[in-house]
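In what follows, a structure is listed as structure tokens, so that the remarks can point back to it.
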Amino acid sequence: MIDWLHGLPFVWLVVVVFGATYLVAAAISWVVLRLAVGERARAFKAVSPGLLPPLGVVFGLLVGFLAVQVWNDVSQAQTAVNREASALRSVVLLGASFPGAPQDRMRALVRRHIKEAVNEEWPAMAGQHATLTVVPASLAAALHLALALKPHSEGQKVAQTQMVAAIETALDARRERIIVSESRVNWAKWTGVVLLASLTLLAIAFVHSESPATTAIAMGIFASAVAVCLLMIASQDRPFAGPFAVKPDALVQVIPRAR
């Protein structure tokens with residue numbers, strides 16, 4: 001799907017998808033009706049209506065597979081964000097076991113990481129430009145700080161171990177959300193859906209070519225169904241872009257306040 005579509009508000013996305021679908025359907029109908037004269041008209045009428053159900057079933061299966069892929073990507077992205085937020089919250093809570101400078105330093109590092117994720121990584125993930133090349137400096141510093149702590153009690157030893165594990169979980173969740181941000185429905189799948197929908201519209205036009213009114217009604221109904229399917233997939237094609245993109249709300253909620 002064209003990249004600029006993901007930046008459109010949902011209302012305009014509806015207008016573009018439905019408008020383009022109706023335009024294609026109208027063009028197919030116009031061409032078939034113009035050609036339906038003489039021998040060609042008899043050939044068009046000879047096309048069996050039994051051709052339509054298999055085409056519809058195949059189109060429905062293809063759309064179903066794409067919808068499952070898209071919804072799984074969105075669910076996986078949201079899960080990764082929630083897991084990262086939960087791990088960072090645990091880091092902040094465990095940091096209270098080391099009051100003073102270590103706790104303040106850990107809270108500052110977590111706060112900086114979340115702000116960098118929201119302000120820098122989220123736009124990059126929306127544009128599918130985020131990479132794993134650079135390790136987040138804030139989380140790396142937080143991990144080094146946790147490992148350098150010197151516990152003076154059994155409670156602090158347990159807190160240090162759990163803090164290190166929580167930071168590692170946050171790093172893993174961040175890697176997962178960046179990897180998922182690269183997910184999308186590729187051009188081959190989009191091409192297959194569009195071509196199959198066009199073939200089905202063409203078959204409908206052939207079957208009802210003797211009646212322009214019937215052709216318009218049948219093609220209008222199927223074109224509307226196609227537009228709904230395309231809209232459903234296009235609006236969630238990328239987990240971190242579009243009107244239903246995964247937001248960093250969970251991370252924002254766990255930002256530790258400055259002491």
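Basis for what follows: all heavy atoms, side chains included, without hydrogens, waters or symmetry-related copies.
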**Asked** In Å, rounded to the nearest 0.5 Å, how long is the span from CD of Gln69 to CG of Leu66?
**Response** 6.5 Å
**Complete:** Nearest heavy-atom contact between Val135 and Ala140 is CG1-CB, 4.2 Å
**Prompt:** At what distance, to the nearest 0.5 angstrom, does CD of Glu121 lie from OG1 of Thr131?
**Reply:** 9.5 Å
**Request:** State, with a plain yes or no, whether a side-chain heavy atom of Glu176 is found less than 4.5 Å away from one of Thr79.
**Result:** no
**Asked** Take atom CZ in Arg83; do more than 12 heavy atoms of anything else shown fall under 6.0 Å from it?
**Response** yes
**Asked** Counting N and O atoms only, with roles assigned by atom type, does the side chain of Ser29 sit under 3.5 Å from a partner on the main chain of Ala26, one being a donor and the other an acceptor?
**Response** no
**Request:** Output yes when a side-chain donor or acceptor of Gln128 lies under 3.5 Å from a complementary backbone atom of Ser181, and no otherwise.
**Result:** yes
**Prompt:** Are Val193 and Phe59 close enough, and set up right, to give a side chain to side chain contact (heavy atoms under 4.5 Å, CB included), and what steps lead you there?
**Reply:** CA-CA 7 Å; Val193 170; Phe59 177 77; 3.8 Å; yes
**Asked** How close do Ala203 and Leu52 get, heavy atom to heavy atom, and via which atoms?
**Response** CB-CD2, 3.5 Å
**Message:** Which heavy atom of Ala130 sits nearest to which heavy atom of Met125, and what is that distance?
**Reply:** CB-CG, 3.7 Å
**Prompt:** Is Leu93 reachable from Ile255 through a run of I, L, V, M, F, W or Y residues, each pair having side-chain heavy atoms under 4.5 Å apart?
**Reply:** no
**Prompt:** Would you find a donor on one side and an acceptor on the other, under 3.5 Å apart, between the side chain of Gln156 and the backbone of Ser97?
**Reply:** yes
**Item:** Cationic N near anionic O, under 4.0 Å, Asp104 to Arg107
**Value:** no
**Request:** Would you give the length of the straight line joining atom CG of Leu88 to atom CD of Gln253, rounded to the nearest 0.5 angstrom?
**Result:** 13.0 Å
**Item:** N/O donor-acceptor pair under 3.5 Å between Trp122 side chain and Val246 backbone
**Value:** yes
**Message:** By the side-chain hydrogen bond (donor to acceptor under 3.5 Å, both in side chains) test, which pairs, at least two apart or in different chains, include something from residues 210-220?
**Reply:** Ser211-Thr214
**Arg89 (side chain) donor-acceptor with Val254 (main chain) under 3.5 angstrom** = no
**Asked** Going from CG on Leu139 to CG on Leu171, what distance comes out if it is rounded to the nearest 0.5 angstrom?
**Response** 4.5 Å
**Request:** Mind checking the CG-CD1 spacing from Asp73 to Ile179? Nearest 0.5 Å is all I need.
**Result:** 12.5 Å
**Asked** So if you build clusters from Ile, Leu, Val, Met, Phe, Trp, Tyr with side-chain heavy-atom gaps below 4.5 Å, do Val70 and Leu61 land together?
**Response** no
**Message:** For residues Trp190 and Leu23: do they belong to one hydrophobic cluster (side chain heavy atoms under 4.5 Å, members Ile, Leu, Val, Met, Phe, Trp, Tyr)?
**Reply:** no
**Request:** Compare all side-chain heavy atoms of Phe65 with those of Lys189 and state whether any distance is below 4.5 angstrom.
**Result:** no
**Item:** Same cluster (ILVMFWY, side-chain, under 4.5 Å), Ile233 and Phe10
**Value:** yes
**Message:** Looking at Arg111 and Pro256, would you say the former's side chain and the latter's main chain have a donor-acceptor pair under 3.5 Å?
**Reply:** yes
**Prompt:** Should Val194 and Phe18 be counted in the same cluster of Ile, Leu, Val, Met, Phe, Trp and Tyr side chains packed under 4.5 Å apart?
**Reply:** no
**Contact summary for Leu199 and Leu55, nearest pair of heavy atoms** = O-CD1, 4.3 Å
**Message:** Test side chain to side chain contact (heavy atoms under 4.5 Å, CB included) on Val63 and Met232; report intermediate values, then the result.
**Reply:** CA-CA 10 Å; Val63 169; Met232 177 182 64; 4.2 Å; yes
**Prompt:** Within the side chain of Ser75, is there an N or O that forms a donor-acceptor pair under 3.5 Å with the backbone of Trp71?
**Reply:** no
**Request:** Indicate the atoms forming the closest heavy-atom contact of Ala126 with Arg238, along with that distance.
**Result:** O-NH1, 3.7 Å
**Prompt:** Side chains of Thr200 and Phe222: closer than 4.5 Å at any heavy-atom pair?
**Reply:** yes
**Message:** If you define the side chain from C-beta out and look only at heavy atoms, does anything of Val164 sit under 4.5 Å from Glu168?
**Reply:** yes
**Prompt:** How far apart are the C-alpha atoms of Arg175 and Asp172, what are their side-chain angles, what is the distance that settles it, and do they pass the side chain to side chain contact (heavy atoms under 4.5 Å, CB included) test?
**Reply:** CA-CA 5 Å; Arg175 285 192 293 268; Asp172 182 66; 3.6 Å; yes
**Asked** Within the distance-only criterion (no hydrogens, no angle test), does the side chain of Glu120 pair as donor or acceptor with the backbone N or O of Lys115 below 3.5 angstrom?
**Response** no
**Prompt:** Between Gln78 and Asn82, does a side-chain hydrogen bond (donor to acceptor under 3.5 Å, both in side chains) hold up when you go through it step by step?
**Reply:** CA-CA 6 Å; Gln78 187 64 66; Asn82 293 341; 3.1 Å; yes
**Asked** Roughly how far, to the nearest 0.5 Å, is NE2 of His113 from CZ of Arg174?
**Response** 6.5 Å
**Item:** Side chain proximity check, Phe98 to Met163, heavy atoms < 4.5 angstrom
**Value:** yes
**Message:** Main chain of Val180, side chain of Gln76: is a donor-acceptor contact present, judged purely on distance under 3.5 Å?
**Reply:** no
**Side-chain donor/acceptor of Gln160 to backbone N/O of Ala148, under 3.5 Å** = no
**Message:** Please find the pair of heavy atoms, one from Ala170 and one from Ala87, that lie closest to each other, and give the distance.
**Reply:** N-CB, 3.7 Å
**Pro136 vs Glu116 side-chain heavy atoms within contact, under 4.5 Å** = no
**Asked** Is there side-chain contact between Leu51 and Phe206, with heavy atoms separated by less than 4.5 Å?
**Response** no
